[in-house]
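See structure below.
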Number of protein chains: 2
Amino acid sequence: MPNIKQIAEAAGVSVTTVSRVLNGHPYVSADKRAAVEDAVRRLNYSRNMNAVHLIKGITQTIGVILPNINHYYFARIMEGMAQQALKCNYQLMLCQTDYRPNEERKVLEMLRNKQMDGLIICSRALSLSEIETYANYGPIALCERVSGRNLSSVYIDHYASFQTAIRYLWEQGRRRIAFTISRRNSPSSRSRLQAYTDTLTALGGQAREDWVLDGCIDWEDGAALVDRLLAMEGRPDALLITGDQVAAGFILTARLRGLEVPDDFAVIGFDNQPISGLLEITTIDNRLSEIGERAFSIVHTQITSGGGKPVSEELGFRFIERSSV
Amino acid sequence: MPNIKQIAEAAGVSVTTVSRVLNGHPYVSADKRAAVEDAVRRLNYSRNMNAVHLIKGITQTIGVILPNINHYYFARIMEGMAQQALKCNYQLMLCQTDYRPNEERKVLEMLRNKQMDGLIICSRALSLSEIETYANYGPIALCERVSGRNLSSVYIDHYASFQTAIRYLWEQGRRRIAFTISRRNSPSSRSRLQAYTDTLTALGGQAREDWVLDGCIDWEDGAALVDRLLAMEGRPDALLITGDQVAAGFILTARLRGLEVPDDFAVIGFDNQPISGLLEITTIDNRLSEIGERAFSIVHTQITSGGGKPVSEELGFRFIERSSV
DNA sequence: CTGTTAGCGCTTTCAT
DNA sequence: ATGAAAGCGCTAACAG
């Protein structure tokens with residue numbers, strides 16, 4: 001692979017002129033420009049971008065931390081980010097870290113290392129405090145509500161969405177409401193638990209600790225839920241299931257057991273996944289693709305504009321009424 | 001951000017010694033090593049990896065071309081690659097190019113640019129010939145059968161899997177067999193069409209051109225298929241649907257129209273997606289995660305071992321009998 | 001409009 | 001065991 005110097009020689013100009021042509025700068029005479037372009041073609045030249053990254057101090061790359069790409073929630077967010085990245089001519093480094101703190105740390109180090117100009121964290125194991133210490137090295141955005149920190153944030157108000165869902169079930173006459181979560185101590189799980197307690201208490205209903213059903217991530221978990229519920233005395237008559245795939249697993253398995261939705265169980269799913277349309281599941285659209293788009297744009301803007309205050313952006317959820325309640 | 005020179009000064013050693021400590025080389029006295037480590041800590045030093053990439057000529061990054069990450073097929077392959085990447089301490093650049101030739105070209109250029117050490121192409125718009133011209137710049141693997149070229153390849157034998165599926169339907173007494181594809185001219189579609197024609201002809205059945213149903217990618221396409229089929233005179237009694245999500249859309253919509261699977265239509269899906277378990281869809285497991293793992297490992301091995309011949313690896317599909325036939 | 005030159009920050013001979 | 005010095009390939013003052 002030839003370098004810029006060899007091109008300069010071949011074209012009979014200085015490296016500066018070559019660089020100017022390469023970068024489309026003005027003030028290059030037509031004939032020299034042509035000579036350079038010709039040399040580039042003849043020698044099959046291509047810039048070594050690592051040298052450019054080194055000298056410019058940027059890489060046109062944004063890192064993305066998430067536990068696993070093969071999950072509707074994350075794939076959909078990633079899709080949104082990737083669409084924006086394509087428009088902006090930016091690259092996305094996919095860091096599938098499986099909620100392992102040390103792997104997340106490695107990615108933060110890559111920001112510090114200048115391997116990436118910014119970072120988007122879709123979900124995390126590390127503490128906000130630890131993440132925040134890296135904010136000086138480049139803009140960081142999280143896909144969750146964060147405030148009072150040097151971190152940007154794009155999020156849905158999970159508290160409000162849960163409140164809406166619970167009130168809806170209540171209005172439909174349901175009084176024994178349970179809900180699922182994936183990880184017990186995730187930020188969204190905490191606000192949902194809070195909303196569950198607050199809302200039911202306010203309505204004069206009861207929020208039961210044993211009706212917080214955790215570890216529900218895939219459809220199998222939803223399927224397993226059926227027996228878990230049948231084993232209870234005084235079982236719930238309504239479920240908020242955080243993830244339509246889990247809800248689908250539950251509903252289809254319930255049918256096999258001779259139970260009907262919504263007669264035996266009312267169900268509200270989350271994310272408005274394709275499957276929810278297919279099964280007519282009432283759901284809450286969390287606008288995942290837009291979360292990805294906005295997170296990308298915020299980080300991208302901060303990179304190009306050279307910093308500024310962190311941005312916090314709430315996207316409204318959408319309640320989609322179908323026939324599972 | 002301090003650089004290596006400043007660390008050298010602070011520690012009272014040469015930059016060479018600092019570099020040695022940083023890279024864990026031997027032949028550094030314990031006290032100098034300690035001095036360097038101390039200086040690194042005090043000055044909060046972090047290597048600029050772009051300089052390392054420049055001088056070493058590698059980036060520990062592999063690019064991945066795919067049209068859209070928010071699709072089970074690609075997300076699952078990507079998951080496999082990412083798991084391997086994590087183990088090898090390699091990074092993955094996600095290049096979601098939406099089948100746009102020019103975007104795919106940009107990624108190939110990034111390989112040439114040395115922004116990535118190798119490339120995996122999950123699906124493509126460009127010709128193999130064009131892709132092959134980049135093979136000198138780094139190992140390239142495709143997730144499809146490729147031979148006689150300077151490109152590696154990890155694939156499922158779609159011809160054989162289709163043959164298996166069609167014979168199975170035939171044995172179950174189905175004679176009017178149709179099938180869906182996503183893109184008409186993709187490599188896999190071509191081998192499937194070939195298998196369809198060959199197999200049915202061999203069995204003495206008929207392969208009908210109007211029973212090749214294209215544009216089937218998402219569940220909506222599957223849902224739309226029902227009416228498309230009902231509008232035909234002499235409609236098929238069996239369907240091979242390349243993608244379980246599409247199959248699910250078809251089956252659930254068919255039920256709403258009062259049709260039964262497998263009574264009115266026998267259905268065989270593809271990919272062994274979670275939904276196929278949920279709906280008891282007979283399917284063909286294409287081992288997507290393994291395809292991703294192998295593709296990554298092949299490229300990774302070629303990078304670390306410095307080239308060698310391209311590798312071609314076929315993974316056997318698995319026929320999963322459930323109750324949609 | 002063009003070229004000289006000084007870096008960007010790091011690794012790695014090659015001496016010692 | 002340690003350091004001086006020569007790059008890796010490119011950009012951007014600065015001087016003409």
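Both backbone and side-chain heavy atoms feed into the values below; hydrogens, waters and symmetry mates do not. Just so it is clear: chains get the letters A, B, ... in the order the sequence lines come, proteins before strands, and each one is counted from 1.
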Inset, instruction - Kindly give the heavy-atom pair with the smallest separation between B/V15 and B/K5, and that separation in Å. - result: CG1-CA, 3.7 Å
Inset, instruction - Flag the pair A/Y99 / A/R183 as yes when at least one side-chain heavy-atom distance between them is below 4.5 Å, and no otherwise. - result: yes
Inset, instruction - Could you tell me which residues satisfy side chain to side chain contact (heavy atoms under 4.5 Å, CB included) with A/I55, sequence neighbours excluded, listed by chain and number? - result: none
Legend entry - Rounded interatomic separation in angstrom, taking CD from A/Q115 and P from C/dC8: 20 Å
Inset, instruction - Verify the contact: side-chain N or O of A/T17 to OP1 or OP2 of C/dG3, cut-off strictly under 4.0 Å; return yes or no. - result: yes
Legend entry - Between P of C/dG3 and CZ of A/R33, the distance in whole Å: 14 Å
Inset, instruction - Give the rounded distance in Å between these two atoms: CD1 of A/I58 and C1' of C/dC8. - result: 14 Å
Legend entry - Atom pair distance, as rounded to whole Å: OH in A/Y27 and P in C/dG3: 17 Å
Inset, instruction - Scan residues 41-62 of chain A for pairs that pass salt bridge (charged side-chain N to carboxylate O under 4.0 Å, His left out), counting only residues two or more places apart or in two chains. - result: A/D38-A/R42
Inset, instruction - Would you mind reporting whether A/L92 and A/I120 have side-chain heavy atoms less than 4.5 Å apart? - result: no
Inset, instruction - State, without any angle test, whether A/N68 and B/E79 hold a side-chain donor-acceptor pair at a distance under 3.5 Å. - result: yes
Inset, instruction - Sugar-phosphate atoms are those with a prime plus P, OP1 and OP2; base atoms are the rest. Using that split, label each nucleotide of nucleotides 8-16 of chain D B, S or - for protein heavy atoms under 4.0 Å, 5' to 3'. - result: BBBBBB---
